[in-house]
Structures are given as structure tokens and as C-alpha cells.
Amino acid sequence: MLSLKIALRYILARKSHSAVNIIALISVGGVAVAVAAMVVVLSIYNGFEELSRRKMSRLDPQLKIERTDGRMIDNADSLAAVVGALPEIAAAAPTITERGLLVSGPHQKPVVFRGIDAGYNRELISIDSLMEAGVYAAETSTGYPAAQVAVGVANEMLINPLASPVAHLYVPRRVGRINPANPAAAFREQTMMVSGVFRVDDQDVDADNIIIPLDVAREILDYSTQATAIEVNVGAGASEADINGAAARLAVMLGDSYTVRDRLEQRREAFRMIAVEKWVTFMMLVMVLIIALFNIVSTVSLMIIEKRDNMRTLRALGATEHSVGSIFAAQGMLITVFGGIVGIVVGVALSFAQQYGRFIKLSGAPGSTVVDAYPVQVSVTDILAVAASVTIMSVLMAAVARLLAHRALR
């Protein structure tokens, strides 16, 4: 405690050389800037993660049942009926998700097509609410099956649903022999008419997804009752606890052969990537903080040089080498911790200012992005992680300062 009092007095006392005071302030400022940057950057990553949660694809069901081994679900219609009959489940429907080639006029594009049944729009996800142009329908007046394309597909292929354009979907033939002399026979083709364009504000979905009737998807893939997944709706007003409870009940009922995923688990790769980027950036900023600590080393070195006579006096009065070293160790720790506290306060203040004031805007034309300002969200966990980093650095700084003081006494 005595060492801490003396260290604090040394820091606050007027120095014989004003340059020492200036360097000390610069050291505190360097740590504060590095720590503030850590808080702000982590808060920005939190903001983007929360934005991803809120703007999660509106085509993602509340729960999705898939085979654990990745294969198709046999007798999916029967299984969906059993799941949908459970009291905690509002609706369940089989769906097929596969890749194919969409051709319309001179344009062609690889797409992800989703096959949904007639009740999907009413009971699971309202496709009508996603339409930007045209309408959702399973069949057109011409007798062709109807398809709805994402806005990215429509823009790239110049598809105007109001003109009722015809599109052809091609997929590799799944069963039967292939004649090498006739490569076209290796594909199955389905002619459809585009009835609408939808947007879900999800870049991955809006870029290459199309929606087609489930029976059409099964026909082109040579399936009968199989499905890629069974999508489940617990209820429009279901809480997270209700959804988790239903997922647990389904997992027990279906066994290890099936996997039940909520919306976050359906997008776990995207969230995992955000988390990896966040903490890699955090480690890079920790390295910046370490660089800032070199300023504190030089500050403590100058203080040791200035207080060398005081150190000898303390030794003459009976102070041990360890206690003298503790004074400068406390100095290094105080400067680091003070800079860290200032940085955390500044970083939190800047983050809250952006979170509620939305001063820094995203580049791009208005309306071209989901949000117009950088999303920011302060997390207590991140603040504790930053504080822990500052604490560890202050301990290291104390060890370095003690070593410098011991060398000065010899």
C-alpha cells in the first residue's frame, strides 16, 4: 500500500523536466486510443451480428428437420404430417432445395431452387409478403408451373414478371443411363413461367434463389415422396423458449437419425465467420496495445532516472530492493490501468453515440443497403474482455518496471 501511495505521488508530482510529464500523457493517450479502438471495433462486430440476426432470411423457417447424414428424407409427407400433428407445432411441410441452371431467352444462371407445397405460403412463411413484383402462384393460366425468382436473378437475367417470361430449369439426370453421344440427354428440363420477383434482404438468398412448386421439383429430380428437409412453424407469436422446447421434443422423438435446427443453427457458418473475424481483429488490436505499452516503458525509465536519488535515500532508510521496485511497478500499472479506463469510457461513449445517433453512414446510394449507418451494439462481455486484456498488460508492465528499477539500483 505504501508503494502505491509513493508511486501515485511520483506520477502526480511536478517533474524537473517537463518532457517527462508530456511523455507520460502520451503514454496514457496511446493506451487509451488502443483500448477505445478495441471497444468500438468489437461493438461494430456486435452490431453486424445483431443485424444479421434481425435481418435473418425470411425464408428460414423457425425449425428445420434434416437427415443427420445429409441424405434425402424418405416418406417426407408422412413424417411432416406426424410432426404437424404435435400440439406444440402449428405447421410442418416438406421442402426440396437443390441446384440447377435457369435459362430465360439469351440469359442463363446457376440457381438454388426451392420446392414448396401449396400450404407453405399460408401456414409457414408468407411468400406473398416477400413479393417485389408480380404475384406468388403455383400455376399460371397458360398451364405452365409458376416460378418466383429472387431480385438478384431477375436483375441479372433481365426478367420482367409482368411480361410473363418463360424460363427453363435444367438439372443433371439423377436416374437412368446417359448417352455420351447426346450430352443434352444428361439433363432434365422443366419449362416454367415466372410469375413474380421476391426480395428477402439477404444477399445470399437474393442473389440466386428461385421458388417452384414441390411437385415440379420432385418430378424434375425423379423423386416421389422424398424431401431435403421438413420445415416447421411453431407459431407466429412463439417465444424463443417455445421454439427451443419444440426443438428438444422433436429431437427426442426423431432420434439421432435427424437433426433439428433453429434459425441460428441454420446460419451457423455465417455467424461463426463473424465471430472468427471479430476475435482475430481483437487479437490484432491487442498487438497494437502492446506497441502502445512501449511508450509506458520509456516513461517509467525516465521516472527511474529522475528519481534515482530518491531511490538511494529509500534504500538508506531501510527500504528493500523489492519494495523500491514495487514503487515503479505500481507506477507502470497505474499508467496502464488509467489509460485503459479512459479508453473504455471513450470507446463506450463513442459506441453509444453511434448506436443512438447513427452519425457515421455506410457508403452507397440511399436504399442500396439494408441499413444506412454502421450498426453498433455495446456488449458487457466485450468490455470485460478488453478490461481483462488491460489488466494482463498492466501486470506485464509492472514486471518490466520492477526489472528496470532493480537494474538502476545495481
Side-chain angles (χ1 to χ4, degrees), residues 48 51-62 64 95-118 120-122 124-140 142 144-171 190-214 216-217 220 228-229 231 263 266-267 269-271 273-274 361-373 375:
F48 277 110
L51 178 66
S52 298
R53 292 175 185 268
R54 287 189 286 109
K55 295 295 183 180
M56 202 174 296
S57 173
R58 288 179 284 173
L59 278 179
D60 289 341
Q62 291 178 336
K64 178 183 280 190
T95 61
I96 288 180
T97 302
E98 278 292 350
R99 293 188 173 273
L101 179 69
L102 189 67
V103 178
S104 179
H107 306 286
Q108 58 184 10
K109 178 179 175 59
V111 295
V112 175
F113 62 90
R114 299 186 178 207
I116 63 175
D117 63 16
Y120 190 94
N121 180 48
R122 300 188 305 270
L124 273 94
I125 297 174
S126 175
I127 307 298
D128 293 328
S129 64
L130 307 179
M131 302 306 297
E132 287 278 299
V135 296
Y136 169 75
E139 189 174 337
T140 62
T142 60
Y144 285 120
Q148 296 76 45
V149 301
V151 63
V153 178
N155 291 338
E156 187 171 338
M157 299 184 66
L158 303 179
I159 293 177
N160 179 10
L162 300 180
S164 299
V166 174
H168 304 274
L169 179 64
Y170 294 88
V171 298
Q190 175 66 54
T191 302
M192 299 175 293
M193 185 170 289
V194 178
S195 67
V197 175
F198 66 90
R199 179 198 295 269
V200 297
D201 291 329
D202 183 315
Q203 184 177 359
D204 294 335
V205 176
D206 287 340
D208 60 2
N209 273 228
I210 69 171
I211 297 173
I212 64 176
L214 178 63
V216 173
I220 196 174
T228 307
E231 300 189 6
R263 283 179 169 172
Q266 293 169 40
R267 295 302 184 97
E269 294 300 329
F271 286 107
M273 185 59 65
I274 293 176
K361 304 295 183 181
L362 287 167
S363 59
S368 62
T369 56
V370 177
V371 291
D372 59 351

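What you see below is based on every heavy atom in this structure, not just the backbone, and it leaves out hydrogens, waters and symmetry mates. Quantities reported herein were computed from a predicted structural model and do not represent experimental measurements.
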Could you pull out the closest heavy-atom pair between [X] and [Y], with the gap in Å?
| X | Y | value |
| --- | --- | --- |
| P61 | Q266 | O-NE2, 3.1 Å |
| L214 | G115 | CD1-O, 3.7 Å |
| A146 | P213 | O-CD, 3.3 Å |
| A137 | Q148 | O-NE2, 2.9 Å |
| P145 | Q190 | CG-NE2, 3.7 Å |
| Y120 | D117 | N-OD1, 3.0 Å |

Could you go step by step and tell me if I127 and L59 meet the side chain to side chain contact (heavy atoms under 4.5 Å, CB included) rule? CA-CA 8 Å; I127 307 298; L59 278 179; 3.7 Å; yes
Any side-chain donor-acceptor pair under 3.5 Å between Q108 and Y170?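 Distance-only check fails for Q108 and Y170.
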Under the side chain to side chain contact (heavy atoms under 4.5 Å, CB included) criterion, do V205 and R114 qualify, and how do the steps go? CA-CA 11 Å; V205 176; R114 299 186 178 207; 4.2 Å; yes
Contacts of type side-chain contact (heavy atoms from CB on, under 4.5 Å), residue E98, not counting sequence neighbours: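 side-chain contact (heavy atoms from CB on, under 4.5 Å) list for E98, sorted by chain: I96, F113, L221.
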Would you say [X] and [Y] make side-chain contact, with heavy atoms under 4.5 Å?
| X | Y | value |
| --- | --- | --- |
| L169 | V111 | yes |
| T191 | V166 | yes |
| Y136 | L130 | no |
| I116 | L124 | no |

Donor-acceptor contact below 3.5 Å, side chain D208 vs main chain G152: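 Side chain of D208 to backbone of G152, a donor-acceptor pair under 3.5 Å: no, none is there.
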Straight-line distance of [X] [atom1] to [Y] [atom2], nearest 0.5 Å:
| X | Y | atom1 | atom2 | result |
| --- | --- | --- | --- | --- |
| E156 | L102 | CD | CG | 10.5 Å |
| N209 | R199 | CG | CZ | 14.0 Å |
| R263 | K64 | CZ | NZ | 11.0 Å |
| M192 | I211 | CE | CD1 | 11.5 Å |

Have a look at K109 and tell me which of V153, L101, I159 forms a side chain to side chain contact (heavy atoms under 4.5 Å, CB included) with it. V153
Could you tell me whether E132 atom CD has more than 12 heavy atoms of other residues or ligands within 6.0 Å of it?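 Buried by this count: over 12 neighbours within 6.0 Å.
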